[in-house]
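These notes concern the structure reproduced below.
In this text the structure is predicted, and so the values were computed from the model without any measurement. One is the number of the first residue; the rest follow in order along the sequence.
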Amino acid sequence: QTLRSKHSFSSRGAADIVRRNMGELLTLELEQKAAAVRELLVQAVRDYGRVTYANSLGAEAIVLTDIIWSHVPEIDIFTVDTGRLHQETYDLLERLQRRYNRTLRIVYPEHQSLERMVAERGINGFYHSLEARLACCHVRKVVPFKRAVEGYAAWVTGVRREQSPTRALGKTIEWDDQHGLYKISPLLDWTEEQVWQYIRARKLPYNPLHDRQYPSIGCAPCTRAIHPGEDHRAGRWWWEQPESRECGLHPRIRHAAGHN
């Protein structure tokens, strides 16, 4: 409206040219970011050989899945089905596999450990203490994750600096002491807006819970919609203190720079 109100830009054609050029610049910026991710992942395969991506099926995962399956298929992809995911997450998984005509490896908890944990702590014992919640995450997510990355030299994650103070301290490539392989975070410096610009530009499927104020999605009992003004991860394990809100794959507190 401002452009059209000026005499020199009064025609609709001039305003359309401005909008089109702005869109091209935005697309170029986004493509440069995506190209940098592709280059990083290709180099990771050269440097480490066997690389796998732990797919969370969140918004960042949609970007990385598209880049890996479209450009770096040498990288394997797996996801952990904890047994407590939202139905929308399972539906998204099916849509992704159909879009790319690829099969995503699904890893499950070990059934005996799961049965024992539930018998000892209750079906929803994770609400009662941090210890119980971490035990649940350990059995349902951490142990299957460790099994899935066995034999790989590096794993890819979709964490971003914006997501939490702990994640803000991460490095694009760092040694993961906890799991014994390198950890690669290609989207570390992407903003949430850039993630969604990429998803919209590529018309990619995503979890519809994102449209219902779920910026971060985990297990159904441990995820809620956030309220206006709340932190991006406020809906994850919302009954706990913010500093404890990690599942165990990523550290809650960093004790030494350069390691994770």
Does V159 offer a backbone N or O that forms a donor-acceptor pair with the side chain of E60 under 3.5 Å? no

Below 4.5 Å, heavy atoms only, C-beta onward: do H128 and R121 meet side chain to side chain? no

Can a donor-acceptor pair be found, under 3.5 Å and without considering hydrogens, that links the side chain of T82 to the backbone of K141? no

Angle class for the Y214/H86 ring planes (parallel below 30°, perpendicular above 60°, tilted otherwise)? perpendicular

Does the side chain of F78 come within less than 4.5 Å of V80's, by heavy atoms? yes

Decide yes or no for T65 and L204: does some side-chain heavy atom of the first lie under 4.5 Å from some side-chain heavy atom of the second? no

Are more than 12 heavy atoms, taken from residues, nucleotides or ligands other than E110, located less than 6.0 Å from that residue's CD atom? yes

Identify the two heavy atoms, one from L57 and one from L96, that lie closest to each other, and give their separation to 0.1 Å. CD2-CD1, 3.7 Å

Donor-acceptor under 3.5 Å (Y127 side chain, P221 main chain): yes

Heavy atoms, side chains only, cut-off 4.5 Å: are N55 and L64 in contact? no

For W238 and C222, work out which heavy atoms get closest and say how close. CZ3-C, 3.6 Å

Please check: side-chain N/O of R95 versus main-chain N/O of Y206, any donor-acceptor pairing under 3.5 Å? yes

Does the side chain of Y198 come within less than 4.5 Å of K33's, by heavy atoms? no

Crowded around R98 CZ? As in, over 12 foreign heavy atoms under 6.0 Å? no

Grab the two heavy atoms, one from V139 and one from P109, that are nearest each other, plus how far apart they are. O-CB, 3.6 Å

Do R46 and E74 meet the salt-bridge criterion of a basic N to acidic O distance under 4.0 Å? no

Which heavy atom of P144 sits nearest to which heavy atom of V107, and what is that distance? O-CG1, 3.5 Å

Any side-chain heavy atom of V149 within less than 4.5 Å of one from T52? yes

Given 3.5 Å as the limit, does a donor-acceptor pair link the side chain of T223 with the main chain of I217, or not? no

Within a reach of under 6.0 Å around CG of D211, are more than 12 heavy atoms found that belong to other residues, nucleotides or ligands? yes

Should we count CD of E193 as having more than 12 external heavy atoms under 6.0 Å? no

What are the two closest non-hydrogen atoms of I62 and P205, and how far apart are they? CG2-O, 3.3 Å

Close side-chain approach of R212 to E88, heavy-atom, < 4.5 Å: yes

Report yes if some heavy atom in the side chain of R84 is under 4.5 Å from a heavy atom in the side chain of N124; otherwise report no. yes

Given D66, which partner from the list H71, R99, R202 fulfils the side-chain hydrogen bond (donor to acceptor under 3.5 Å, both in side chains) test? R202

Holding to ring pair (Phe, Tyr, Trp, His ring centres under 6.0 Å), I want the full list of residues that pass it with Y182, two or more places apart in sequence or in another chain. Y48, W175

Hey, would you say the W237 and F126 ring centroids sit under 6.0 Å apart? no

Note: L188 and T172 closest approach over all heavy atoms is CD2-N, 3.7 Å

Do the side chains of L104 and I199 join up, straight or via other hydrophobic residues, at under 4.5 Å, putting them in one cluster? yes

Counting distance only, does the side-chain N/O of Q197 pair as donor-acceptor with the main-chain N or O of L30 below 3.5 Å? no

